[in-house]
Amino acid sequence: QVQVVESGGGLVQAGDSLRLSCAVSGRTFSTVAMGWFRQAPGKDRNFVAAISANGRSKYYTDSVKGRFTISRDNHRNTVYLQMNSLKPEDTAVYYCAASGTYYGDNGYTTQQTMYDSWGQGTQVTVSS
């Protein structure tokens with residue numbers, strides 16, 4: 001059984017940084033594309049960032065480009081989301097997800113439906 005566990009959320013002020021971590025077990029992590037999504041209060045869950053199995057391909061939603069960085073350590077079975085210059089509109093529950101389809105070493109997906117293992121979420125709150 002695949003387990004996905006996020007950590008690292010918290011309450012910060014605008015302009016601060018946070019790093020989210022996501023540990024995955026129960027799957028060959030080095031073959032799995034990973035993604036981060038977020039859900040703000042009263043809104044749908046949306047894509048934030050994705051990374052290929054080998055970590056060389058990354059993709060971000062426009063609103064976080066230049067501020068967020070997704071990375072992974074395949075030896076530690078962990079994916080990270082470094083969030084800098086945080087804004088109040090970044091406030092959300094952040095979810096980590098593992099893809100259920102192999103996209104090759106350099107592939108990834110931004111589609112939520114293609115991720116089959118999800119964490120419980122970690123709250124990020126940015127005050128103004």
Side-chain angles (χ1 to χ4, degrees):
Q1 183 175 356
V2 179
Q3 284 194 317
V4 178
V5 180
E6 305 99 335
S7 61
L11 171 63
V12 297
Q13 293 187 330
D16 286 350
S17 298
L18 272 178
R19 187 176 82 156
L20 306 183
S21 299
C22 171
V24 179
S25 61
R27 183 170 287 177
T28 306
F29 185 71
S30 60
T31 66
V32 178
M34 298 293 298
W36 284 97
F37 296 79
R38 65 185 179 185
Q39 186 168 22
K43 296 188 177 180
D44 293 335
R45 187 167 62 187
N46 292 314
F47 169 79
V48 176
I51 189 167
S52 62
N54 64 8
R56 293 174 184 172
S57 297
K58 305 174 184 181
Y59 188 78
Y60 303 90
T61 192
D62 285 346
S63 61
V64 308
K65 285 179 181 176
R67 300 188 298 122
F68 291 12
T69 302
I70 189 171
S71 62
R72 65 190 295 159
D73 184 340
N74 283 354
H75 296 293
R76 297 178 183 269
N77 287 8
T78 301
V79 63
Y80 304 97
L81 187 67
Q82 177 67 43
M83 305 185 295
N84 298 330
S85 302
L86 282 162
K87 304 175 180 180
E89 51 263 43
D90 295 318
T91 294
V93 177
Y94 283 71
Y95 296 91
C96 176
S99 63
T101 300
Y102 178 60
Y103 292 96
D105 288 347
N106 288 304
Y108 55 81
T109 180
T110 64
Q111 302 302 310
Q112 291 192 50
T113 55
M114 302 309 292
Y115 289 87
D116 66 352
S117 299
W118 292 80
Q120 79 288 352
T122 185
Q123 177 70 47
V124 172
T125 303
V126 185
S127 63
S128 57

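Position 1 is the first residue of the sequence, and the numbers go up from there.
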Which residues satisfy the salt bridge (charged side-chain N to carboxylate O under 4.0 Å, His left out) test with Asp44, sequence neighbours excluded?
-> none

Option passing side-chain contact (heavy atoms from CB on, under 4.5 Å) with Phe29 (candidates Thr78, Val2, Val24) = Val24

Kindly indicate whether the side chain of Thr125, heavy atoms from C-beta on, has any atom under 4.5 Å from the side chain of Val12.
-> no

Applying side-chain contact (heavy atoms from CB on, under 4.5 Å), run through Thr91 and Val124 and close with a yes or a no.
-> CA-CA 5 Å; Thr91 294; Val124 172; 5.9 Å; no

Mind checking the CH2-OH spacing from Trp36 to Tyr80? Nearest 0.5 Å is all I need.
-> 10.5 Å

Side chain Thr122, main chain Gly9, donor-acceptor under 3.5 Å = yes

Rounded to the nearest 0.5 Å, the CD atom of Glu6 sits from the CD atom of Gln123 at a distance of 12.0 Å

Please walk me through it: do Tyr94 and Met83 pass side-chain contact (heavy atoms from CB on, under 4.5 Å)?
-> CA-CA 11 Å; Tyr94 283 71; Met83 305 185 295; 3.8 Å; yes

Minimum heavy-atom distance between Tyr95 and Gly119, given as atom pair plus value = CD2-O, 3.6 Å

Please round to the nearest 0.5 Å and tell me the distance separating atom CZ of Arg72 and atom CG of Asn74.
-> 4.5 Å

Heavy-atom donor-acceptor pair, Ser52 side chain to Ala33 backbone, under 3.5 Å | no

Are the side chain of Thr109 and the backbone of Gln111 linked by a donor-acceptor contact shorter than 3.5 Å?
-> yes

Say you draw a straight line from OG of Ser99 to CD of Gln112; how long is it, rounded to the nearest 0.5 Å?
-> 13.5 Å

How about Thr28 and Ser30: do any of their side-chain heavy atoms sit closer than 4.5 Å?
-> yes

Taking the side chain as every heavy atom from C-beta outward, state whether Ile51 and Val79 have any pair of such atoms under 4.5 Å apart.
-> yes

Please work out which of the three classes, parallel, tilted or perpendicular, describes the rings of Phe47 and Phe37, given edges at 30° and 60°.
-> perpendicular

Provide the closest heavy-atom pair for Ser128 versus Pro88 in the form atom of the first, atom of the second, distance.
-> CB-CG, 3.8 Å

Starting at CG of Asn54, measure out to CG of Asn106 and round the result to the nearest 0.5 Å.
-> 4.5 Å

Could you name each residue pair satisfying disulfide bond (SG atoms under 2.5 Å apart) that touches residues 5-80, not counting sequence neighbours?
-> Cys22-Cys96

State whether the number of non-hydrogen atoms from other residues, nucleotides or ligands found under 6.0 Å of Gln3 atom CD is greater than 12.
-> no

Using the side-chain contact (heavy atoms from CB on, under 4.5 Å) rule, take Val48 and Phe68 through it: C-alpha gap first, then chi angles, then the decisive distance, then the call.
-> CA-CA 9 Å; Val48 176; Phe68 291 12; 3.9 Å; yes

Return the orientation label for the Tyr59 and Tyr108 ring planes: parallel under 30°, perpendicular over 60°, tilted otherwise.
-> parallel

Under 3.5 Å donor-acceptor, Lys58 side chain and Ile70 backbone | yes

For residues Ser17 and Asn84, is any side-chain donor paired with an opposing acceptor at under 3.5 Å?
-> yes

Which other residues belong to the hydrophobic cluster containing Leu11, where Ile, Leu, Val, Met, Phe, Trp and Tyr are joined when side-chain heavy atoms lie under 4.5 Å apart, directly or via other members?
-> none

Can you pull the salt bridge (Lys or Arg N to Asp or Glu O under 4.0 Å) pairs that have at least one residue in residues 33-43, sequence neighbours excluded?
-> Arg38-Asp90

Quick one: hydrophobic cluster around Met114, which other residues, with the 4.5 Å side-chain cut-off, linked directly or via members?
-> Tyr103

On a heavy-atom basis, the closest approach of Ala49 and Tyr60 is CB-CD2, 3.7 Å

Give, for atom OG of Ser127 and atom CD of Gln13, the distance between the pair rounded to the nearest 0.5 Å.
-> 5.0 Å

Salt bridge (Lys or Arg N to Asp or Glu O under 4.0 Å): which pairs involve residues 13-32, sequence neighbours left out?
-> Arg27-Asp116

